[in-house]
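So that the names make sense, note that chain A is the first sequence line, chain B the second, and so on, each numbered from 1. What's counted below: heavy atoms across the whole structure, side chains too, no hydrogens, waters or symmetry copies.
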Amino acid sequence: MLNLYNSYTNSLREVELSKDEVKIYLCGPTVQSSPHIGHGRSSVVFDFFIRYLKYLDCNVQFVRNITDIDDKIIIKSAQQNIEFQELAKKVAAEFKDAYDSLNCLTPDIEPKATEYIDEILNYIKKILDKDMGYVSESGVYFDTAAFSDYLKLSGRKLDEVISGTRVDILDDKKAPEDFALWKFAKEGEPYWESVWGKGRPGWHIECSAMINAILGKDIDFHCGGNDLIFPHHENELAQSKAAYPDNEFVKHWLHNGMINLSGKKMSKSEGNIKILKDYIDQYGGDVLRFYFLRAQYRSPQEFSEELLIESKTTYKKISDFVIDSKPQPKNDELLSLFEECMNDDLNTPKLIGEIFTQMNNATNLENGMLDDIKATVKYIFEILGFTFKKNVTKKVSIEDTEKFFNQYEIIFDSVEQAMSEFLKIREKHRVEKNYQIADEMRTNVLEIGIKIEDGNKDGWSWNNN
RNA sequence: GGCGACGUGGCGGAGUGGCUACGCAGCGGUCUGCAAAACCGUGUACACCAGUUCGAUUCUGGUCGUCGCCUCCA
C-alpha cells in the first residue's frame, strides 16, 4: 500500500513491489565543488526511503553515481591548476564524509563515469545503430526528432524548449534541442578514444549506460532533485528508450524539492549555497536528518540557522524521551501510524506530529505502556537512520578539552568518562552546599562547549549554538 | 511567455466538508539552593472574491501573490 508521487504521471500512484529485488538509482553529484545543504537533503530524503523499503523487507539494490568528468570539472581544475582527476577525487571524498556524517547508507555500487567509458561508448553505438543519433563536427548528438515521446517526462513543448534563452545553438546540430552524447575534445581538454574521435561523454549518457550495465534494462525507482527533471532525466529517458524501446526503463520517477534561502532556491548559480559540512560539524548528523525529516520530501524547504536550532531543540525532546530505552517494535498502534505516514508519499512531517501526540499521551500511561512507547519511538527513529549519538562539537579542540579537565585533576580519556568524573566532583560540592564552586564549575565547563542541566536525566549536553 | 507547484496562527508544518494536528517561540504556573531542564495550563490560523452546501480552511470558478523549471544545478 505504498503510495508515491510519480513525476512521470504527475500523480500519486500505488507502488507494486516485488520484494526480492528492488532496484534504485539515485542521481549523485557532479564532483566539482563542496556539498551543500541541498545535496544533503537529496541524500537523506532518499535514505529515509531506502531504509523504509528495507524495513518492508525489500531486497534493495541501491546505486548512486558520481559524475567525475564534465565541463565544470575541467574548467575548475584548470583554474586551480590541477588535473581534473585530482579535483574530482578531492570533492568525491568530501561527499563521502558528508554522507557518512549524515548516516546515509552506502550504495551497493557507486560507479564513476570515467570507469564506464567502454559501456558509454557501446551505449552510444547502440543509439546510432537505431538511427537515433548522428555524428557531426563538434560531437555525437541525440536526434530528438527521432524519439516521439521526447519531453513526456517534463511535460514541455518543443518550441518552448527551443525558445529558452540558454539553448546553445550550434550550427552542426540538426535541431537546437539535440543534446550531446559525446563531446569531441578541444585543445588541451581531457579525452578518451572513440571510433568517432577523441572526446568525453555528455552529461546524460553516463546514467543510461551505468544503469544498464549495473542494474539492467529496467529499474524500479529513479531518484534525484526536481531540477534534474529537465533536461537531465528527460534526456536520459530518451536515450534509454532509444536503445531499448521495448523496456519501460523506470517504473517510478521520484524527485525531491529544493532547499530555499529566504524563499529563493539555493544553488551554485545563485551563489547562495550553504556548505553542508559547516552545519554537520556544528549540529551533528542527527539534527540535520531531523531538519530534513520536518519537511515532506517534495516540498520546497526553507533553510536557516534558526530552523536548525529549532530542529535541535525538537530532536532533543525525542532523544531525551527515549534515552534509557532499547529500540524495539512494542507498540502496534505507533507502528501502524509510522507505516501509514510513510506509505502516504513519505509524509514525514505528519509522522513527527503523530509521534509527539503519542509521546504527550504517554505521560499519563502506566509504566509498562510508557516503556513500550519509548522503545517503539526509538525503534522508528533508528529505522529512519537516526543514531542517538551525542553530537560532539568540533569547535573546541581535543587539547583544550584535555587541558580543561586536567585543571580538576581528571585524566582525560573520553568526554563521557571525563564528564562523569567532573559531575561527581561537582555533585559532592553541591551536597556539601558549596554552591559557589558548583556554579563556577557549571559556568566554566561552558568553555569547552558543554552545558550542564541538573534536572535533565542525561545531566549534560554539547552546547554548540 | 510556456509548463508546474503552492498560499494555514509570530515561525515551521500536517490535515479535514461540521470534531484540539504537532513542534518551536510566547505567556501563566509547579518544581528547584540558583540557572537550566522537566512537568501542567494557555492560541477559534487557514490569501482575496464569488458559487455549491444546512454548513467550507477543506469542493468549483475567478482574482491577487509567491516559488520552481525552460539544457549550469540535488
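- Relative to the six-membered ring of Y297(A), R41(A) misses at least one condition, a distance below 6.0 Å or an angle of at most 45° to the axis.
- Of the side-chain N and O atoms in K317(A), none sit less than 4.0 angstrom from OP1 or OP2 of C22(B).
- Comparing A74(B), G23(B), G68(B) by their closest approach to the side chain of H36(A) singles out A74(B).
- If you measure from atom CD of E340(A) to atom P of G15(B), you get 11 Å, rounded to the nearest angstrom.
- Note on D454(A) versus R426(A): salt bridge recorded, some NZ/NE/NH1/NH2 to OD/OE distance being below 4.0 Å.
- Here Y315(A) and F386(A) bring their ring centres to under 6.0 angstrom of each other.
- G7(B) and G12(B) are spaced 15 Å apart, taking the C1' atom of each and rounding to whole Å.
- Residue whose closest nucleotide on RNA chain B sits further toward the 5' end, between G224(A) and Y435(A): Y435(A).
- Nearest-nucleotide mapping onto RNA chain B: of G263(A) and R41(A), the residue sitting toward the 5' end is G263(A).
- Distance check on atom P: A36(B) versus A25(B) gives 13 Å, rounded to whole Å.
- When the side-chain nitrogen and oxygen atoms of K268(A) are compared with OP1 and OP2 of A74(B), one or more of them lie within a distance under 4.0 Å.
- In this structure, I259(A) reaches the bases: a heavy-atom distance under 4.0 Å links it to at least one base atom across the strands shown.
- The side chain of T313(A) sits closest to C24(B) out of C24(B), G33(B), A74(B).
- We find that CG of L12(A) is positioned 11 Å from P of G15(B), with the value rounded to whole Å.
- A ring-centre distance under 6.0 Å is not found for H252(A) and H222(A).
- Out of G68(B), C70(B), A21(B), the shortest distance to the side chain of K265(A) is found at G68(B).
- Atom NZ of K316(A) is separated from atom P of A36(B) by 14 Å (rounded to the nearest Å).
- Nearest nucleotide to the side chain of F230(A), out of G33(B), A74(B), U71(B): U71(B).
- Here the side chain of N260(A) is nearest to one of C22(B), C24(B), C67(B), namely C67(B).
- Proximity note for S267(A) (side chain, C-beta onward) versus C22(B), G33(B), C73(B): the nearest is C73(B).
- Here the two rings, on H204(A) and H233(A), have centers that are 6.0 Å apart or farther.
- U53(B) and U20(B) are spaced 27 Å apart, taking the P atom of each and rounding to whole Å.
- The number of heavy-atom neighbours closer than 6.0 Å to NZ of K96(A), taken from other residues, nucleotides and ligands shown, is 12 or below.
- A distance of 6.0 Å or more separates the ring centres of F321(A) and F381(A).
- Minimum atom distance to the side chain of E453(A) is reached by A37(B), of the listed A37(B), G15(B), C34(B).
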Dot-bracket encoding per residue of RNA chain B, Watson-Crick/G-U cut-off under 3.5 Å, | denoting interstrand: (((((((..(((.....[...))).(((((.......)))))....(((((..]....))))))))))))....
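- A straight line from CG of D320(A) to C1' of A37(B) spans 8 Å, rounded to a whole angstrom.
- In this structure, the NE2 atom of H232(A) is 11 Å from the C1' atom of C73(B), given to the nearest Å.
- In this structure, the ring of F422(A) has its center less than 6.0 angstrom from the ring center of F404(A).
- Nucleotides G4(B) and C22(B), compared at atom C1', are 29 Å apart to the nearest Å.
- By the 6.0 Å and 45° rule, R430(A) does not stack over the aromatic ring of Y435(A).
- Side-chain N or O atoms of T348(A) include one that pairs as donor or acceptor with a backbone N or O of L293(A) at under 3.5 Å.
- Nucleotides A21(B) and U8(B), compared at atom C1', are 12 Å apart to the nearest Å.
- Taking atom CE of residue M359(A) and atom C1' of nucleotide C39(B), one finds them 13 Å apart after rounding to whole Å.
- Across all strands shown, G225(A) has heavy atoms under 4.0 Å from sugar-phosphate atoms exclusively, and none from any base.
- Across C54(B) and C49(B), the matching P atoms stand 22 Å from one another, rounded to whole Å.
- Counting atom types as modelled, R442(A) pairs a side-chain N or O with a base atom of A35(B) as donor and acceptor under 3.5 Å.
- Rounded to a whole angstrom, the distance from the P atom of A47(B) to that of G10(B) is 13 Å.
- The environment of CD in E137(A) is sparse: at most 12 heavy-atom neighbours from other residues, nucleotides or ligands sit within 6.0 Å.
- Contact annotation: side chain of D227(A) to base of C72(B), donor-acceptor pair absent below 3.5 Å.
- Among the nucleotides C34(B), C72(B), U71(B), the one closest to the side chain of E177(A) is U71(B).
- Relative to the side chain of R156(A), the nucleotides A74(B), C69(B), A35(B) differ in distance, and C69(B) lies closest.
- Atom pair F179(A):CZ and C73(B):P shows a separation of 13 Å (rounding to whole Å applied).
- Here the C1' atom of nucleotide A74(B) and the CG atom of L228(A) are 6 Å apart, to the nearest Å.
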B/S/- contact track for nucleotides 5-13 of chain B, protein heavy atom under 4.0 Å: -------SS
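- Contact check, W203(A) against C73(B): a side-chain N or O comes under 4.0 Å of OP1 or OP2.
- The phosphate of C40(B) (OP1 or OP2) has no side-chain N or O of N360(A) nearer than 4.0 angstrom.
- The same atom, P, is picked in G26(B) and in A14(B); the two are 24 Å apart, to the nearest Å.
- Ring centers of F221(A) and F49(A): under 6.0 Å apart, within the cut-off.
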